[in-house]
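The sequence lines fix the lettering, A, B, ..., with proteins before strands; numbering per chain opens at 1.
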Protein chains: 2
Amino acid sequence: MDSKVNLTPQRKAIYDVICESNNHPTAAEIIENLKENGFRFAYGTVYNSLHYLTEAGLIHELKLGEGSSRYDGNIDEHQHIQCEICGRVDEVFTEINGEWLEEIDKETGYTVKSHQVILKGVCPTCQNQ
Amino acid sequence: MDSKVNLTPQRKAIYDVICESNNHPTAAEIIENLKENGFRFAYGTVYNSLHYLTEAGLIHELKLGEGSSRYDGNIDEHQHIQCEICGRVDEVFTEINGEWLEEIDKETGYTVKSHQVILKGVCPTCQNQ
DNA sequence: TATTATTTTAGACTTAGTCTAAATATAGGT
DNA sequence: ACCTATATTTAGACTAAGTCTAAAATAATA
Ligand SMILES: [Mn+2]
Ligand SMILES: [Mn+2]
Ligand SMILES: [Zn+2]
Ligand SMILES: [Zn+2]
């Protein structure tokens, strides 16, 4: 077993910021947040830690097609929807139909390993403006 | 009506490269391909043209979570699947269930405007290796 | 303690793309 | 055709996000 996770103080602090945020923060936002909590880690350490935590399965990296990745402490299977106006990212727990994925297997000949749905729309707050 | 598209020689050449490719090429690949055809446009012109063509609805920009965008001359509604091993991108025409999208509307309170499904897997060629 | 492996650090570097100001090209009015 | 206004292209400087490297600091092992 090599599933032992080595949570150094840096990794722990970064993990905590991600879990306590409800915002799917970017690396830049994480660094800013760390600064507010009195931490100042090297740039490389933050990225290194984000990779480590992702690799260890403790967080997920979200690539929503913006310039930068976002990070998610919720590792339960779910998808995301992003507001076109304010940019906030919310959770979507209604899962896509499993039959659909099998269909793709047949259609393309690929062995499907994963899928990601990125929804865009207007959030409730931005609708009232 | 301002729907008049101004296809300058540069834009036309870039559009042709995208349409003749069956590969969802990146900007870098488009530039390389142009070079092979004897064109050498400024870097900025290529990106400017890609935006223009996208804005005009002649092509689609694909953000699959790699470093760089890909471009697609097929503007019919479809999704994509990418091979984890060789990186090739193939079309998926089986559309996602419309009910699913309505469900999301209800679940999140968002007005859903668009959705993109990114599938990852192993392509037929890479399976035989 | 001495040796080895792991992690962090600062800062140089890379990649993909944007921005800017000048040069060209195009279109419209006379 | 000539002048003017608008649109486009160009070269190259610049930016944002992230990677890489080599040395220093920590931690683990003998
Ligand atoms: Mn999430
Ligand atoms: Mn396509
Ligand atoms: Zn919003
Ligand atoms: Zn493949």
Side-chain angles (χ1 to χ4, degrees), chain A residues 1-18 21 23-35 37-56 58-72 82 87 89, chain B residues 1-18 21 23-35 37-56 58-72 82 87 89:
Chain A
M1 266 256 224
D2 54 354
S3 70
K4 185 84 182 55
V5 175
N6 179 7
L7 266 198
T8 64
Q10 289 83 347
R11 287 168 186 167
K12 180 71 169 55
I14 288 164
Y15 180 60
D16 287 347
V17 164
I18 293 167
S21 160
N23 233 33
H24 303 87
T26 62
E29 286 163 355
I30 290 165
I31 289 169
E32 183 156 352
N33 204 317
L34 285 167
K35 208 173 288 176
N37 295 27
F39 297 107
R40 196 153 316 171
F41 305 147
Y43 223 72
T45 302
V46 175
Y47 282 104
N48 181 15
S49 300
L50 289 169
H51 291 156
Y52 181 90
L53 294 168
T54 301
E55 203 60 31
L58 291 175
I59 62 174
H60 282 169
E61 183 182 6
L62 304 186
K63 295 178 172 177
L64 303 186
E66 305 165 290
S68 44
S69 288
R70 293 177 174 274
Y71 296 89
D72 194 343
Q82 182 165 39
V89 177
Chain B
M1 266 262 218
D2 55 353
S3 70
K4 186 83 182 55
V5 175
N6 180 7
L7 266 199
T8 64
Q10 289 83 347
R11 288 169 186 168
K12 180 70 169 56
I14 289 164
Y15 181 60
D16 287 348
V17 164
I18 293 167
S21 159
N23 235 30
H24 302 88
T26 62
E29 286 163 355
I30 291 166
I31 289 169
E32 182 155 354
N33 204 315
L34 286 167
K35 208 173 288 176
N37 296 27
F39 297 107
R40 196 152 318 171
F41 304 147
Y43 225 73
T45 302
V46 175
Y47 282 104
N48 180 15
S49 299
L50 290 169
H51 291 157
Y52 182 91
L53 294 168
T54 301
E55 202 60 30
L58 291 174
I59 62 174
H60 281 171
E61 183 181 8
L62 304 185
K63 296 178 172 178
L64 303 186
E66 305 167 290
S68 45
S69 287
R70 294 178 173 274
Y71 296 88
D72 195 343
Q82 182 166 39
V89 176

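Of the two residues near DNA chain C, A/Q10 and B/G67, the one whose nearest nucleotide lies more 5' is A/Q10.
The list of side chain to side chain donor-acceptor pair (under 3.5 Å) pairs with a residue in residues 45-54 of chain A, not counting sequence neighbours, is empty.
Take A/E55 and apply the salt bridge (charged side-chain N to carboxylate O under 4.0 Å, His left out) test, not counting sequence neighbours, and it matches no residue. For B/H24, the ring-ring contact (aromatic ring centres under 6.0 Å, His included) partners two or more places apart in sequence, or in a different chain, are B/H80. Partners of B/E29 according to the side chain to side chain contact (heavy atoms under 4.5 Å, CB included) rule, which considers only residues two or more places apart in sequence or in another chain, are B/P25, B/T26, B/R70. Judged as a salt bridge (charged side-chain N to carboxylate O under 4.0 Å, His left out), and not counting sequence neighbours, the contacts of A/K12 are A/D16. With sequence neighbours excluded, no residue forms a side chain to side chain donor-acceptor pair (under 3.5 Å) with B/Q10. In terms of the salt bridge (charged side-chain N to carboxylate O under 4.0 Å, His left out) criterion, A/E61 has no residue partners (sequence neighbours excluded). Residues satisfying the ring-ring contact (aromatic ring centres under 6.0 Å, His included) test with B/F41, not counting sequence neighbours, are B/F39.
Separating the CZ atom of B/F39 from the C1' atom of D/dT9 is a distance of 15 Å, rounded to the nearest angstrom. The distance between atom NZ of B/K4 and atom P of D/dT8, rounded to the nearest whole Å, is 11 Å. Separating the CZ atom of B/F41 from the P atom of D/dT9 is a distance of 9 Å, rounded to the nearest angstrom.
Of the residues in residues 45-54 of chain A, those placing a heavy atom less than 4.0 Å from an atom of DNA chain C are A/T45, A/N48, in numerical order.
B/S69 comes within 4.0 angstrom of sugar-phosphate atoms only, judged by non-hydrogen atoms across all strands, and of no base.
Looking at A/Q82, its side chain does come within 3.5 Å of a backbone N or O of A/G87 through a donor-acceptor pair.
Counting all heavy atoms, side chain and backbone alike, A/L53 lies closest to A/L7 at CD2-CD2, 3.8 Å.
Taking a heavy-atom distance under 4.0 Å as the criterion, the stretch of DNA chain C touched by chain B extends 5' to 3' from C/dA16 to C/dT18.
To the nearest 0.5 Å, atoms CG (A/L50) and CD1 (A/I18) are separated by 5.0 Å.
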Extract from the structure each pairing of a protein N or O with an N or O of nucleotides 22-30 of chain D at less than 3.5 Å, listing the distance.
none

